[in-house]
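From a predicted model like this one, the values you see are computed outputs, not experimental measurements. To find a chain, count down the sequence lines: A is the first, B the second, and so on, and within it residues start at 1.
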Amino acid sequence: MSGFSDDMPFFDEPGAAPAAAPSGIAARAMAARQARNSPVDYLSDLNPEQRQAVETTDGPVLVLAGAGTGKTRVLTTRIAHILATGRAFPSQILAVTFTNKAAREMKQRIGLFVGEAIEGMPWLGTFHSIGVKILRRHAELVGLRSDFSILDTDDVIRLLKQLIVAEGLDDKRWVPRVFAQMIDGWKNKGFGPEDIPEGDARSFGNGLGRELYRAYQQRLIALNACDFGDLLLHPIRIFRTHHDILADYHRRFRYILVDEYQDTNTAQYMWLRLLAQRPRSHADEGNAPQGVNICCVGDDDQSIYGWRGAEVDNILRFEKDFPGAAVIRLERNYRSTAHILGAATHLIAHNEGRLGKTLFTDRPDPEDQKVSVHAAWDSDEEARAIGEEIEALQRKGHALNDIAILVRASFQMRSFEERFIEIGLNYRVIGGPRFYERQEIRDAMAYLRVVANPGDDLAFERIVNVPKRSLGDAAIRQIHDTARLLGVSMLEASANLAESDEMKPKPRGSLRAVVANFSRWRDLLETTPHTQLAETILEESGYTDMWKNDRAADAPTRLDNLKELIRSMEDYGSLREFLEHVALVMDKDKNENLDAVSLMTLHSAKGLEFETVMLPGWEEGLFPHQRALDEGGRSGLEEERRLAYVGLTRAKQNLHIWFVSNRRIHGLWQSTVPSRFLEELPEAHIKISEGGSDFGGYGQRSDQAFSSSYATPGWQRARQNRNEATSRNWGNRSGPAVERIGYGEADSGYGAGRGAVKSHTIEGEVVAKSVADTPSAFKVGDRVFHMKFGNGNVASVDGNKLTINFDRAGQKRVLDGFVTAA
DNA sequence: GGGCTTCACATTTTT
DNA sequence: TGTGAAGCCC
């Protein structure tokens, strides 16, 4: 039952890869080539701990890599080292990451070391992509065919809704999305329908939780499909029930490397254990190395995904799981200044239950710039002040690309976006809706999925009446019932129905056409290049026409997206390869040519670094978030603190933290209290800033603010606010420590003149068409359309700045480059 | 089937 | 307050 015959090592000798290096990076490639010739070179750049992490190749290793300590470097060098010293072939190394981005980066960096040998690293990828690869080989063992589809969250929810309704339950009381999350949670823990706790099972659908879960799994098999969780759970099941297969993988993987180990959930942990812990009998046979060569790299202080199933415990108990493990700490930081590190280290020390690390740097910091803490009256002023600060930096030549604003929750982004649009400051939002989640892309994908896997009823159902073909709810139900009755796919059932007289003539006619189309496309699959096939499908189905005839403002964008989809298909060898890519790699490159400030959540900032970082919204209730406190208790608070730590450690040079006194929550203005995390910052490394000259006029330079018991008029007002706040439902802190944080009363408007701006982005998507300071082409009374605010009428024109009365958003001032004639 | 109104809800997100 | 989904009416 071995499935390995097809991909034995590609190179006889790890170092024997052709010397041709990728073009365009000549210098690095030269270094790489040199490194290949003399294996010691690549080690000499490492510090002693890093070097130890690279060279300790035998037995289990846990590398505790603090933020900015060269984690990726260690991982990639370690792989290079294993290859260069002939310890394993590329195909004998299993290297797992969480995100595609991380996998891509690793591939690229290993490529610099070993040239093209990277092609021979078939087992470097995300947990899920490797899971798919394994599952495709043994699909039949769990009742799937190897061409199974991978469903995304949206498909899953639609499927669950069907099942919930089919059980006669009210889908408003038992919300499919909620159930999808429950199932996801169960799968993260490695639970199949039989394993879930009785309480969980009872808590959903009038006690039918377990039955629904079971029915869901059956439907997936019938659809020849998997959800994301199955990509790990099915392999786990296979490993457990087929020891010969597991033994094959044991023989195959000589080295296992895991990135971001603190983020692994229970299922991933089980999967890793199965692969890593070979029973004695295997270890003893042949010349397999004794012990387990597993190397996990992570940072318990950066574990911020507990809420989605990550178990910090996995990293905390590594030494118990893998006896004799070497634990190596990387604490020398190459990213941030001593002040930033001091602040971060001190903050995170408030957490219990850590493995403990203390970051340090011995690089000099010529500017000796402390972390600054700023106060603002409300969120609008916060946005204004940060905007000013950024413009000031920009004038000094600071690239916007090197600046990031990291928020706790995405609603905070809004005030920044509005402000930046107003002053014409380039920004890009990282995260948010993604290319492959757009409606038109998902529709197009559904067509392709049906062609690739005619049993994919979910995809079929999605597009059978898109564009409209008079196949409404009634027709779909009929197809459904027929499929059930005959035990076949909906496509097959449709073929039957189209030839019978059970359907009214009109829908029957269009159904016949649909069936004929799919069968023709299916035939073309063998003979036509997949990009061309996709084009044909979108044309012949009438899908592109549908958008061409659509007069909605975004229809042209959607057509562009479809073209982009086809274009991106060129990068893949076959339709199936492409579909798998889309299912697993839901991201797309952003427009990186533009100089723009990055705006994102703290979560999505993990792993990134910026010269300057702004951290707004440090208030009780928002950060730490009230819900984390309510639902997570102490451990919830600690996770929030780790999030703060992640935020602080993103900054290389400048770090600014902000809090406001008033914030609008669900439409209501609330007084707020500075975050407890502010008190946890060490005095020695921070300064309370009154916003410099921009703010002018309130509070004093107040490093002494931390010397507790004194109050200026401003402070008194702060205290007042706090007292009010504590009586509300937000943050309920006690103790006088709060009093120490500076606060200002700068609620007066300020700031008017700003530097000229050349181009603008909204959400990394739109590039404006006009240049600042040229008179606007629009005049009063013009009807215009704005990406964010919709349609409106121009009320006044001031150079290139327009005041527009939007139908829905009300009156706004925007730059004319952001609107088009409606 | 499309557009309008009403209602509930309002942290973080990858695969 | 403001958004998005679902129901309702034509």
N or O in side chain of A:Lys606 less than 4.0 angstrom from B:dT14 OP1/OP2: no
Let me know the distance between CZ of A:Phe98 and P of B:dT15, rounded to the nearest Å. 11 Å
Report the distance from atom CD of A:Glu418 to atom C1' of C:dT1, rounded to the nearest whole Å. 12 Å
Anti versus syn assignment for B:dT12, with syn defined as within 90° of 0: anti
For nucleotides 8-10 of chain C, tabulate all protein N/O to nucleotide N/O atom pairs closer than 3.5 Å, reporting atom names and distance.
none

Taking atom NZ of A:Lys187 as the centre, report whether more than 12 heavy atoms of other residues, nucleotides or ligands fall under 6.0 Å from it. yes
Expressed in angstrom and rounded to an integer, what is the separation of A:Phe228 atom CZ from B:dT14 atom P? 11 Å
With rounding to the closest Å, how many angstrom separate the P atoms on B:dT11 and C:dG4? 15 Å
Compute whether any side-chain donor of one residue and acceptor of the other, for A:Glu619 and A:Gln670, lie under 3.5 angstrom apart. no
Rounding to a whole Å, what distance do you find between A:Asp230:CG and B:dT14:P? 20 Å
Side chains of A:Asn224 and A:Asp147 only: does a donor on one sit below 3.5 Å from an acceptor on the other? yes
Closest non-hydrogen contact found for A:Pro235 with A:Gly131 is CG-O, 3.9 Å
Separation of A:Met600 atom CE from B:dT14 atom P, in whole Å? 12 Å
If the cut-off is 4.0 Å, is A:Asn100 near the phosphate of B:dT15, judged by side-chain N/O to OP1 or OP2? yes
Which residues satisfy the ring pair (Phe, Tyr, Trp, His ring centres under 6.0 Å) test with A:His603, sequence neighbours excluded? A:Tyr305, A:Trp307
Nearest-Å distance once atom C1' is located in both B:dT12 and C:dA5: 22 Å
If I take atom CG from residue A:Leu223 and atom CG from residue A:Leu159, how far apart are they, to the nearest 0.5 angstrom? 6.0 Å
Annotated protein contacts, base or backbone, on nucleotides 7-13 of chain B with a non-hydrogen cut-off under 4.0 Å, one of B, S, - each: ---BBBB
Interatomic distance, A:Leu232 CG vs B:dT14 C1' [rounded to whole Å]: 12 Å
For A:Phe578, enumerate each residue passing the ring pair (Phe, Tyr, Trp, His ring centres under 6.0 Å) test, keeping only those at least two apart in sequence or located in another chain. A:Tyr572
Test ring pair (Phe, Tyr, Trp, His ring centres under 6.0 Å) applied to A:Phe623 - qualifying residues, sequence neighbours left out: A:Trp618, A:Phe677
Figure out the CG/C1' separation between A:Asp259 and B:dT15, and round it to whole Å. 15 Å
Take the protein atom CG of A:Asp263 and the nucleotide atom P of B:dT15, then report the distance between them rounded to whole Å. 12 Å
Look at A:Arg414 and C:dT3 and indicate whether a side-chain polar atom (N or O) is within less than 4.0 Å of OP1 or OP2. yes
What pairs with A:Tyr213 under ring pair (Phe, Tyr, Trp, His ring centres under 6.0 Å), at least two apart in sequence or on another chain? A:Trp186
